[in-house]
Participant: 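Got a structure here, written out as structure tokens. Questions coming.
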Amino acid sequence: MASSSLQLFSLPPPSPVQKHRPSSSVIKCISTSPSPSSALSTNGSTPLPNSILSSPPINFSAKYVPFTSIATGSPTSECYSLDEIVYRSRSGGLLDVQHDMEALKQFDGEYWKALFDSRVGKTTWPYGSGVWSKKEWVLPEIDDDDIVSAFEGNSNLFWAERFGKKFVGMNDLWVKHCGISHTGSFKDLGMTVLVSQVNRLRKMNRPLVGVGCASTGDTSAALSAYCAAANIPSIVFLPANKISMAQLVQPIANGAFVLSIDTDFDGCMKLIREVTSELPIYLANSLNSLRLEGQKTAAIEILQQFDWEVPDWVIIPGGNLGNIYAFYKGFKMCQELGLVDRIPRLVCAQAANANPLYLYYKSGWNQYQPIKADATFASAIQIGDPVSIDRAVYALKNSDGIVEEATEEELMDAMAMADSTGMFICPHTGVALTALIKLRERGIIGPNERTVVVSTAHGLKFTQAKIDYHSKNIPGLACGLANPPVEVKDDLGKVMDVLKNYLDRRSS
Ligand SMILES: Cc1ncc(COP(=O)(O)O)c(C=O)c1O
Ligand SMILES: N[C@@H](CCOP(=O)(O)O)C(=O)O
């Protein structure tokens with residue numbers, strides 16, 4: 001993964017390498033936007049590629065600010081360099097990465113679209129990654145050589161024609177396959193950013209002995225793979241017997257230090273927060289707002305794949321609730337920077353067995369309580385005390401959003417329906433499809449409204465759930481779409497009988 005000097009783009013990246021890095025723990029919140037004389041002014045029009053080539057460089061930048069200042073729109077003097085190791089604001093609240101929007105606004109929406117489009121499908125380091133093709137909006141100040149990437153992103157936006165027509169009477173239904181990725185889930189999008197930043201910090205001689213996370217399977221898989229690629233130790237806390245075999249073997253194979261702990265995800269999360277506050281281990285869960293900077297690029301990518309047309313709805317399964325906010329942030333940035341003129345309505349879909357956000361929504365946003373989450377086939381979202389609850393509520397309120405839930409039977413049936421149309425989705429995507437089915441039944445989503453369902457992990461991570469379903473081996477579930485194999489003796493007559501029977505049933 002050598003850095004390339006080839007210029008394959010018609011538009012080169014406008015951001016130069018930042019030479020001076022702040023070192024104090026709380027940096028002064030002064031604007032780092034370029035002075036008008038050094039900035040490229042677009043004068044309301046799209047600059048020609050050549051004018052950008054010869055224009056003075058712009059120093060884009062980003063910093064941590066308390067999430068409350070974003071949510072309330074109130075100015076704050078509290079901010080931190082992204083080179084600081086900080087996950088919480090002074091008052092203990094969430095942080096957010098705030099970009100220098102004034103600097104980004106020096107370029108109009110057409111410029112950004114052309115730049116991002118010019119990078120798709122290229123191999124030039126690091127812009128061939130779907131995340132790093134948006135580097136100026138993600139981690140603008142990192143050196144390309146510090147980036148740890150598996151060229152994640154650029155995932156298939158799949159036209160779910162047959163599922164749409166057969167099951168929900170829709171012709172404009174799409175599935176964003178974020179799980180068709182390096183480690184098989186959308187977590188790669190955030191982890192490339194977080195591990196790249198850790199790589200940078202270690203090169204700056206910050207005393208970080210490793211990176212740690214609590215996980216229901218996918219975060220740990222992504223963390224261990226990216227850390228292994230960069231030769232950084234990774235430590236993962238997993239709830240014992242609550243994740244799939246395929247997920248468990250990922251960090252083991254990638255050489256992570258794996259702790260299988262006799263608790264649930266929320267218990268592991270509590271432990272890793274305590275451990276990372278005591279030891280120089282960097283926290284890799286989405287409590288760390290860096291992760292969401294990578295995850296938000298999936299939203300930008302959806303717009304890009306629709307040629308910058310905005311879908312009406314985007315449905316996302318929710319657990320620790322970072323991703324719903326990441327999508328909101330990606331869409332909102334595109335609106336604020338003039339790439340699109342509106343954002344989609346967001347739907348967050350939860351398993352009924354792990355539904356604290358759904359219950360909060362149903363109370364009219366009046367009563368929130370973390371819960372003890374029960375076992376669910378959507379095991380990666382078995383979370384009762386989501387760290388990003390405030391981010392999720394903000395995203396939903398500001399996108400005219402909705403929260404739905406899916407029972408075990410509903411989510412497994414929805415997964416089987418999707419698989420029967422040629423997909424091979426995970427149970428979490430089954431949760432999102434259940435939300436779609438319910439919103440179509442209630443007429444909230446119209447037949448012609450363009451809708452994107454976000455598929456968050458690869459179905460191959462959850463084969464046991466599918467085997468149990470198709471074997472009708474799940475107590476209490478009808479498994480109505482089960483398709484078990486037929487056992488036949490080694491005898492042509494018997495094989496022909498079975499086949500004829502099958503073909504008769506198909507044609508009747
Ligand atoms: C496969 C899968 N889908 C959905 C989610 C939910 O994402 P979030 O925790 O950001 O809400 C997770 C992780 O929590 C996941 O691993
Ligand atoms: N599903 C997640 C749960 C942790 O979420 P995170 O986004 O906060 O890391 C996992 O796969 O571990």
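Start at 1 and go down the list; that is how both ligands and their atoms are numbered.
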Participant: Quick one, D172 and T451 - any side-chain contact, counting heavy atoms below 4.5 Å?
Facilitator: no
Participant: Does R119 reach the main-chain N or O of G128 with its side chain, forming a donor-acceptor pair under 3.5 Å?
Facilitator: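 Such a contact is absent between R119 side chain and G128 backbone.
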Participant: Suppose I only count heavy atoms of A457 and a 4.0 Å limit; which atoms of ligand 1 are within that range?
Facilitator: 1 (C)
Participant: Got Y368 and L357 here, is their nearest side-chain heavy-atom distance under 4.5 Å?
Facilitator: no
Participant: Decide, yes or no, whether a salt bridge links K329 with D96 under the criterion of side-chain N to carboxylate O below 4.0 Å.
Facilitator: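 Between D96 and K329 there is a salt bridge, with a charged N closer than 4.0 Å to a carboxylate O.
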Participant: Should E161 and K165 count as an ion pair when the cut-off is N to O under 4.0 Å?
Facilitator: yes
Participant: If you measure every N/O of G319 against every N/O of ligand 1, is any gap under 3.5 Å?
Facilitator: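 In this structure, G319 places an N or O atom under 3.5 Å from an N or O of ligand 1.
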Participant: For ligand 1, which atoms have a heavy atom of T456 less than 4.0 angstrom away?
Facilitator: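 Reading through ligand 1 atom by atom, the close ones are 1 (C), 2 (C), 3 (N), 4 (C).
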Participant: Quick check: Q295 and ligand 2, any N/O pair under 3.5 Å apart?
Facilitator: no
Participant: Can you pull out the closest protein heavy atom to atom 7 (O) of ligand 1? Residue, atom name and distance to 0.1 Å, please.
Facilitator: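 Protein heavy atom with the smallest distance to atom 7 (O) of ligand 1: F186 CZ, 3.5 Å.
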Participant: Considering heavy atoms of the protein only, find what lies nearest to atom 1 (N) of ligand 2 and give residue, atom and distance to 0.1 Å.
Facilitator: T216 OG1, 2.8 Å
Participant: For M101, look at atom CE and say whether over 12 heavy atoms of other residues, nucleotides or ligands are found less than 6.0 Å away.
Facilitator: yes
Participant: Answer yes or no: is there an ion pair linking K438 with E410, defined by an N-O contact shorter than 4.0 Å?
Facilitator: yes
Participant: Measure from atom 1 (C) of ligand 1 to every heavy atom in L321, D218, N320 and give the option owning the shortest one.
Facilitator: D218
Participant: Is ligand 2 less than 4.0 angstrom away from at least one heavy atom of R291?
Facilitator: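 True for this residue.
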Participant: List ligand 2 atoms under 4.0 Å from F265, heavy atoms only on the residue side.
Facilitator: 3 (C), 4 (C)
Participant: Atoms of ligand 1 less than 4.0 Å from P317 heavy atoms?
Facilitator: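 That gives atoms 4 (C), 6 (C) of ligand 1.
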Participant: Give the residue and atom name of whichever protein heavy atom lies nearest to atom 5 (C) of ligand 1, and the separation in Å to one decimal.
Facilitator: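 The closest heavy atom on the protein side is I381 CG2, 3.4 Å.
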Participant: Test your reading of the structure: does I324 have an N or O sitting under 3.5 Å from an N or O of ligand 1?
Facilitator: no
Participant: If you measure from each heavy atom of S185 to ligand 1, is any distance below 4.0 Å?
Facilitator: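 Contact check S185 vs ligand 1: negative.
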Participant: What atoms of ligand 2 come closer than 4.0 angstrom to any heavy atom of D218?
Facilitator: 10 (C), 11 (O)
Participant: What about T219: any of its N or O atoms under 3.5 Å from an N or O on ligand 2?
Facilitator: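 Yes; at least one N/O pair falls below 3.5 Å.
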Participant: Do the side chains of R450 and E309 get close enough for a salt bridge, i.e. N-O under 4.0 angstrom?
Facilitator: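 So R450 pairs with E309 through a salt bridge.
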Participant: Short list, please: which atoms of ligand 2 are under 4.0 Å from a heavy atom of S215?
Facilitator: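 With S215 as reference, the close atoms of ligand 2 come out as 10 (C), 11 (O), 12 (O).
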Participant: Under 4.0 Å from ligand 2, counting heavy atoms only, is it the side chain of M269, its backbone, both or neither?
Facilitator: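 M269 to ligand 2: no contact under 4.0 Å from either part.
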Participant: Quick one: do D264 and K242 make a salt bridge, cutoff under 4.0 Å?
Facilitator: no
Participant: Do L223 and N254 have side-chain heavy atoms sitting under 4.5 Å apart?
Facilitator: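 Sidechains of N254 and L223: no contact.
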Participant: To which protein heavy atom is atom 5 (O) of ligand 2 closest, and what is the distance rounded to 0.1 Å?
Facilitator: K187 NZ, 3.3 Å
Participant: Decide whether the shortest distance between a heavy atom of S286 and an atom of ligand 1 is less than 4.0 Å.
Facilitator: no
Participant: Salt bridge or not for K372 and D266, using N-O below 4.0 Å?
Facilitator: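 No, K372 and D266 are not salt-bridged.
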Participant: Nearest non-hydrogen atom to atom 6 (P) of ligand 2 belongs to which of S286, P239, G217?
Facilitator: S286
Participant: Quick check: F60 with W112 (ring centres under 6.0 Å apart)?
Facilitator: yes
Participant: When you measure from the centre of the six-membered ring of F424, is the NZ or CZ of K466 under 6.0 Å away and within 45° of the axis?
Facilitator: yes
Participant: Please determine whether any non-hydrogen atom of A380 lies less than 4.0 Å from an atom of ligand 2.
Facilitator: yes
Participant: Pull out every atom of ligand 1 sitting under 4.0 Å from any heavy atom of G322, numbered as shown with elements.
Facilitator: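 Taking each heavy atom of G322 in turn, ligand 1 has 8 (P), 10 (O), 11 (O) under 4.0 Å.
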Participant: Is D312 paired with R345 through a side-chain N to carboxylate O contact shorter than 4.0 Å?
Facilitator: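 No, R345 and D312 are not salt-bridged.
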Participant: State the atoms of ligand 1, each with its element, that fall below the 4.0 Å cut-off from a heavy-atom position in K187.
Facilitator: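 The list of qualifying atoms is 12 (C), 13 (C), 14 (O), 16 (O).
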Participant: Among all protein heavy atoms in this structure, tell me which lies nearest to atom 10 (O) of ligand 1, with the distance rounded to 0.1 Å.
Facilitator: N323 N, 2.8 Å
